[in-house]
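Everything below concerns the one structure shown next.
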Amino acid sequence: MNKTAQIKKNHQFIVFQKLVVVSLLIGFLSAFLGISLKKITEYYEEIFFHEVSVNPIFYVIFPVFGLSVIYFLRQYLFKKKENKGIKEVFESTQSKSKNLPTYKIPSHFINGLLTVIFGGSTGIEVSTVVATATIGSVAQQKENVFRKYKTELICAGVAAGITALFSSPIAGILFAVEVISRKLTRAFIITNLIAVSIAFGLITILKEEPLFTVSVTTWHLKAIPYFILLGILAGINSVYLTRCVLFFKSQFGKIQTHYYKILIGSVILSTSLFVFPQLYGEGYHSIKMIFGSSAQLPLTITLALTFIGILILKPIVTSVTLASGGDGGVFAPSLFIGAFLGLLVASTLNTFFNTQVIPLNFMIIGMAAVLSASIHAPFTAIFLVCGLTNDYTLFFPILAVCLISKYTAKMIYPHTVYTYSPSFIK
């Protein structure tokens with residue numbers, strides 16, 4: 001009996017050692033992929049956005065070119081398979097037999113990059129999530145001992161990828177729990193902690209700066225009613241985004257010839273970008289711009305109409321980008337919508353009601369609130385946005401508003417783009 005127990009104990013120790021090693025590898029490879037995609041995308045998006053600013057004809061050329069290249073890559077390089085986004089990850093974790101194939105790593109990396117730099121109004125976050133999930137999926141297929149830890153290793157890749165993108169290991173783990181796994185096991189804690197630690201160590205060595213440089217000084221209790229209002233509006237906006245994505249995917253799915261999808265999508269995208277250049281790509285350049293000028297931005301009729309136009313069009317162009325073949329998801333669009341929604345609410349309150357609220361606070365809280373409601377993951381949204389700004393001053397109002405926005409959205413429409421079934425599209 002003692003000998004049997006010792007053999008079992010030795011086996012468990014060997015399994016633990018192997019899990020540690022594979023988690024280290026998944027963490028490093030996923031973080032390296034995430035950082036590489038982020039850096040390359042930022043570099044080329046800045047170049048191409050400058051080109052369209054100088055020569056508006058590129059608003060027409062870039063979207064149709066980018067979507068066409070993605071289509072031909074899928075046809076001739078990536079086995080004619082459509083990328084389904086995070087739904088692919090769910091399908092893999094919920095099935096013992098279905099795994100994420102290796103080609104998903106270059107497919108999502110390249111297609112996510114091409115989508116954003118050529119003006120597709122989405123972000124690289126979901127491309128990174130699926131590619132890094134595939135790293136975990138491939139790793140668990142290498143040894144039989146890893147098969148029962150499939151979900152844990154996939155989540156380790158996802159958590160490391162999110163950590164690399166947003167400089168927040170807590171957001172990485174919370175996203176893996178709230179959105180992918182929905183449960184905690186001892187193996188999950190071990191693998192994911194190791195993976196995000198390696199990812200965070202890598203971004204520290206590389207001296208990765210927070211995406212947004214802001215200075216939050218304080219927040220006031222008198223703003224709480226207005227924060228509640230922002231949470232409700234964020235929930236409504238997130239449902240609008242979700243419904244837009246589902247509607248346009250459904251409508252474009254009825255088009256048999258794929259190149260018609262590209263042409264229709266390009267026309268809508270090009271026209272929207274020409275009217276509102278802020279919608280180009282993931283939109284972080286626009287968020288940085290309004291962060292810098294939010295305090296000195298008086299609300300005029302023209303500016304209010306611009307903000308409203310952006311809030312109406314962003315979900316549409318995001319949906320069209322995805323429906324016509326682009327790669328991405330709702331992460332970056334949610335952050336973008338939240339920032340502009342927060343600024344519009346704060347500016348309206350200050351201009352017409354003399355509330356003297358702080359616009360910067362509303363923008364940051366709005367980003368977290370719309371993301372929370374869009375993916376139904378409030379705690380991920382909190383730590384992700386705090387990681388983006390490297391500031392936790394607004395932690396408690398963000399927590400409250402994220403919960404309000406999530407439950408507002410769930411009351412109106414209980415599904416996200418990750419959890420819907422085609423039968424729900426009406």
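Computed over heavy atoms, backbone and side chain alike; hydrogens, waters and symmetry mates excluded. Computed from a predicted structure; not experimentally measured.
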Nearest-0.5 Å distance, [atom1] of residue [X] to [atom2] of residue [Y]:
| X | Y | atom1 | atom2 | result |
| --- | --- | --- | --- | --- |
| I61 | E51 | CD1 | CD | 10.5 Å |
| L165 | I35 | CG | CD1 | 8.5 Å |
| L202 | T163 | CG | OG1 | 11.0 Å |
| L313 | I268 | CG | CD1 | 10.5 Å |
| L343 | F291 | CG | CZ | 9.5 Å |
| L153 | S23 | CG | OG | 6.0 Å |

Aromatic ring centroids of [X] and [Y] under 6.0 Å?
| X | Y | result |
| --- | --- | --- |
| Y260 | F252 | no |
| Y413 | H415 | yes |
| F340 | F336 | yes |
| F331 | F175 | yes |

Show your working on side chain to side chain contact (heavy atoms under 4.5 Å, CB included) between S272 and I316 and close with a plain yes or no. CA-CA 9 Å; S272 302; I316 294 173; 5.9 Å; no

Is there a donor-acceptor contact under 3.5 Å from the side chain of [X] to the main chain of [Y]?
| X | Y | value |
| --- | --- | --- |
| S127 | F109 | no |
| S405 | G235 | no |
| Q141 | S137 | yes |
| T389 | V385 | yes |
| T132 | G157 | yes |
| S372 | C402 | yes |
| Y280 | I117 | yes |
| Y284 | E42 | no |
| S30 | G27 | no |
| T321 | S121 | yes |

Might you point out which heavy atoms bring [X] and [Y] nearest each other, and give the distance in Å?
| X | Y | result |
| --- | --- | --- |
| A139 | I26 | CB-CD1, 3.8 Å |
| L273 | P63 | CD1-CG, 4.3 Å |
| G329 | T318 | O-CG2, 4.2 Å |

Does the side chain to side chain contact (heavy atoms under 4.5 Å, CB included) test come out yes or no for L114 and L73, once each step is laid out? CA-CA 11 Å; L114 293 175; L73 283 174; 3.6 Å; yes

With a 6.0 Å cut-off (strictly less than), is the heavy-atom count around [atom1] of [X], excluding the residue itself, greater than 12?
| X | atom1 | result |
| --- | --- | --- |
| F90 | CZ | yes |
| Q75 | CD | yes |
| F32 | CZ | no |
| Y44 | OH | no |
| F65 | CZ | no |

Have [X] and [Y] got a donor and an acceptor in their side chains that come within less than 3.5 Å?
| X | Y | result |
| --- | --- | --- |
| T380 | E178 | yes |
| E152 | T185 | yes |
| E209 | N390 | no |

I154 side chain near S92 side chain, heavy-atom distance below 4.5 Å: yes

Is there a side-chain contact between I86 and I180 in this structure, where contact means two heavy atoms from C-beta onward sitting under 4.5 Å apart? yes

Is any side-chain N of the basic residue among K98 and E88 closer than 4.0 Å to the acidic one's carboxylate O? no

Describe, in one word, how the ring planes of [X] and [Y] are oriented to each other, choosing from parallel (under 30°), tilted (30 to 60°) and perpendicular (over 60°).
| X | Y | result |
| --- | --- | --- |
| F49 | H285 | tilted |
| Y259 | F72 | tilted |
| W219 | F227 | tilted |
| F48 | F118 | parallel |

Test side chain to side chain contact (heavy atoms under 4.5 Å, CB included) on I412 and I236; report intermediate values, then the result. CA-CA 8 Å; I412 300 170; I236 295 168; 3.8 Å; yes

For residues 312-336, which residue pairs pass the salt bridge (Lys or Arg N to Asp or Glu O under 4.0 Å) check, not counting sequence neighbours? R74-D327

Is there a side chain to side chain contact (heavy atoms under 4.5 Å, CB included) between V317 and F276 once you walk through the steps? CA-CA 11 Å; V317 293; F276 295 111; over 6 Å; no

For S107, side-chain contact (heavy atoms from CB on, under 4.5 Å) partners two or more places apart: F78, N83, Y103, N111

